[in-house]
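Input: a single structure, listed below in structure tokens.
Hydrogens, waters and symmetry mates are skipped; everything else that's a heavy atom, side chains included, is used.
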Amino acid sequence: MRASSHPLLAAASRLPRNAPLIVSLTQRLVANGEILAARACLDLLEEAPAPPADLLAAQAHLRFMIGDLAKALERIQLALHAGADSPGEHHMHALLLQFSGRIDEAEAVLERCLARWPQFGDAVTVLVNLRKQRPGANRLDRIDKQLRQIPHETTDTDRGFVRAEFEYARFKTLDDLGQNGEAWEALSRCNAIMRSLNPYDAAAEEAVTAALLNMPATPAPPGPARPPGPVPIFVVGMPRSGTTLLERILSSHSLVASAGEIIDFWRQLHWVADVAPAQSAGLLEIIRRSGNVDYRELGQRYLKQTQWRAQGRAYYIDKLPANIQMLSFIRRALPHAPILHMVRDPMDTCFSNYKALFGNISSYSYDLTALAHYHAQYMRQAQHWHSTMPGAMLDVGYEALVQGTEATVSRVLAHCGLAVEEGCFRPERNAAPVATPSSAQVRESIHVRGLGQWRRYAQQLEPLRLALEAPQAALAFPM
């Protein structure tokens, strides 16, 4: 993997004015973690005279891939104006409008999509999440009409996925309307389909956790306590634990920018360890080689390829929940970087995962037994980091954050070396784009509605509660 960067960078330094070649090269540069060179290629593409719609759409996808949401929105709008007209392009437009807080415009785009392509499941799932569905202001009849036209049993994977999307939209609507019994039935049907499409590999998750816990200790490399340039702040934890809310609070500070959910640390770790990405197998190989990793080089590469994301500010947030697995690597490569660990009640966290449609990823989230198992692996990892690297990360309780906001935010800012600013208590005023499933909700003021939501489905979730209370899962952190 390391060796492949040299010819890619050589090609990037002497590009012909050949748009398809530049697009292909950019994709490979991103995969290799060469983000600065990829951005230079995209900047060059913007000089193309009278670019066709497909080139503009390709630029939008690539900008989205590296987390440059403002540029991605600009490019997809130009693509649509130039004649791009596929469901996927309109869907991307709606997503980018949603991430930018332009909810009314996103809703209008999605409504037009569904008028033309009534079984476009990607559109209906985003649409029902833009707002709380209300009596007299929902799309339940249209959702049910499409479900009647999609077979319950199908060997067509794509059709099965579309049915899952419409079952999810039915759940979200009925859940908002308080019709919990019917809502749970729809969610169960949705997740049964997703479970069959994306089986959970418990053995692989256990293998990764065991390898992380047995990884030999390696001290952080000697060197300056704080390298020059902006400082990353890592936000980690279980998905749906409140990491996006914490990110919005922090990025409301005048010295902090949000980089979003980026996978840059993983990219650079794979590059430095010289291991091509291969899901669990790739991470296991990296752990096996961890004693030979050059952590100074890892930190330098990460900073070089990401500090542009700070947008001229002193700090930038790298919010990727899965970086909880990277704690040992992050601490060794970037000992000056604050790490914040978001902690939420296990039942609230797991239910929030179970009722989120992540697509063909996060296979743990579609089965209650798998959820409890995955949560137990996460807890084992978090407790291990606390015991082997005391003080490496600060636990931030979700309940404390929403119920005692001022004290909790002040403690978080102090941990990051930041002074308290009033704007951090009003994250709903933060206009920066946010590319997560909860992007609509986090534009609201801080509230406590997320506490105890699982109790509306306590009977159905009793197996999950029992599994989470089992001895192997009974690890606790302050909430």
Using a strict 4.0 Å threshold on nitrogen-to-oxygen distance, state whether [X] and [Y] make a salt bridge.
{"X": "D43", "Y": "R39", "value": "no"}
{"X": "E167", "Y": "R163", "value": "yes"}
{"X": "E111", "Y": "R142", "value": "yes"}
{"X": "R426", "Y": "E406", "value": "no"}
{"X": "D85", "Y": "R116", "value": "yes"}
{"X": "K304", "Y": "D264", "value": "no"}
{"X": "E46", "Y": "K71", "value": "yes"}
{"X": "E185", "Y": "R170", "value": "no"}

Pair F64 + H61: ring centers closer than 6.0 Å: no

How about [X] and [Y]: do any of their side-chain heavy atoms sit closer than 4.5 Å?
{"X": "L340", "Y": "I317", "result": "no"}
{"X": "L320", "Y": "I263", "result": "yes"}
{"X": "I103", "Y": "R131", "result": "yes"}
{"X": "N360", "Y": "M194", "result": "yes"}
{"X": "V256", "Y": "Y316", "result": "no"}
{"X": "L394", "Y": "P338", "result": "no"}
{"X": "H375", "Y": "M238", "result": "yes"}
{"X": "Y374", "Y": "Y200", "result": "yes"}

If only side-chain N and O atoms count, and only distance matters, is there a donor-acceptor pair under 3.5 Å linking [Y] with [X]?
{"X": "D367", "Y": "H373", "value": "no"}
{"X": "E428", "Y": "S445", "value": "no"}
{"X": "S254", "Y": "E421", "value": "yes"}
{"X": "D175", "Y": "W184", "value": "no"}

side-chain contact (heavy atoms from CB on, under 4.5 Å) with K319: of V236, V434, V235, only one passes, and it is V235

Exactly one of Q377, Q325, Q279 clears side-chain contact (heavy atoms from CB on, under 4.5 Å) with V208, and that residue is Q325

Cation over ring, R332 on Y295, under 6.0 Å and within 45°? yes

Cation over ring face, R240 and Y398, 6.0 Å, 45°: no

Tell me, with the steps shown, if R455 and E462 meet salt bridge (Lys or Arg N to Asp or Glu O under 4.0 Å). CA-CA 10 Å; R455 296 186 186 280; E462 182 65 5; over 6 Å; no

Roughly how far, to the nearest 0.5 Å, is [atom2] of [Y] from [atom1] of [X]?
{"X": "R75", "Y": "D68", "atom1": "CZ", "atom2": "CG", "result": "10.5 Å"}
{"X": "Q59", "Y": "L62", "atom1": "CD", "atom2": "CG", "result": "8.0 Å"}
{"X": "C424", "Y": "R429", "atom1": "SG", "atom2": "CZ", "result": "12.0 Å"}
{"X": "I361", "Y": "N198", "atom1": "CD1", "atom2": "CG", "result": "9.5 Å"}
{"X": "T388", "Y": "Q383", "atom1": "OG1", "atom2": "CD", "result": "10.5 Å"}

Test item: [X] side-chain N/O and [Y] main-chain N/O as donor-acceptor pair under 3.5 Å:
{"X": "Q307", "Y": "P230", "answer": "yes"}
{"X": "H253", "Y": "A419", "answer": "yes"}
{"X": "R226", "Y": "H336", "answer": "no"}
{"X": "N32", "Y": "E34", "answer": "no"}
{"X": "Q268", "Y": "G33", "answer": "yes"}
{"X": "W385", "Y": "I324", "answer": "yes"}
{"X": "R331", "Y": "A392", "answer": "yes"}
{"X": "E105", "Y": "R102", "answer": "no"}
{"X": "E399", "Y": "D345", "answer": "yes"}
{"X": "R248", "Y": "A432", "answer": "yes"}

What is the minimum heavy-atom distance between [X] and [Y], and which atoms define it?
{"X": "V448", "Y": "Q403", "result": "CG1-CG, 4.1 Å"}
{"X": "T408", "Y": "A400", "result": "OG1-O, 3.1 Å"}
{"X": "A84", "Y": "A53", "result": "N-CB, 3.5 Å"}
{"X": "G237", "Y": "H341", "result": "CA-CD2, 3.8 Å"}
{"X": "R309", "Y": "A259", "result": "CD-CB, 3.6 Å"}
{"X": "L468", "Y": "M347", "result": "CD1-SD, 3.6 Å"}

Please test T306 against D318 for side chain to side chain donor-acceptor pair (under 3.5 Å), starting from the C-alpha separation and ending with a verdict. CA-CA 9 Å; T306 62; D318 182 330; over 6 Å; no

Those residues at least two apart in sequence (or on a different chain) that pass side chain to side chain contact (heavy atoms under 4.5 Å, CB included) with S365 are N353, F358, S362

Sequence neighbours excluded, which residues qualify as side chain to side chain contact (heavy atoms under 4.5 Å, CB included) partners of Q300? R296

Could you please spell out the steps behind the side chain to side chain donor-acceptor pair (under 3.5 Å) verdict for T244 and E247? CA-CA 5 Å; T244 303; E247 174 199 39; 4.9 Å; no

Output, in order, the C-alpha distance, side-chain angles, deciding distance and verdict of salt bridge (Lys or Arg N to Asp or Glu O under 4.0 Å) for E469 and R465. CA-CA 6 Å; E469 290 183 355; R465 188 187 68 79; 2.9 Å; yes

How would you list, by chain and number, every residue that makes a ring pair (Phe, Tyr, Trp, His ring centres under 6.0 Å) with Y168, sequence neighbours excluded? none

Using the side-chain contact (heavy atoms from CB on, under 4.5 Å) rule, take L401 and V409 through it: C-alpha gap first, then chi angles, then the decisive distance, then the call. CA-CA 7 Å; L401 186 62; V409 170; 3.8 Å; yes

Once the angle between the rings of H91 and F120 is folded into 0 to 90°, is it parallel (under 30°), tilted (30 to 60°) or perpendicular (over 60°)? perpendicular

Classify the angle between the aromatic ring planes of F234 and F265 as parallel (below 30°), tilted (30 to 60°) or perpendicular (above 60°). perpendicular

For Q305 and R267, run side chain to side chain donor-acceptor pair (under 3.5 Å): C-alpha distance rounded to whole Å, both residues' side-chain angles, the deciding distance at 0.1 Å, then the answer. CA-CA 10 Å; Q305 300 293 338; R267 286 184 179 123; over 6 Å; no

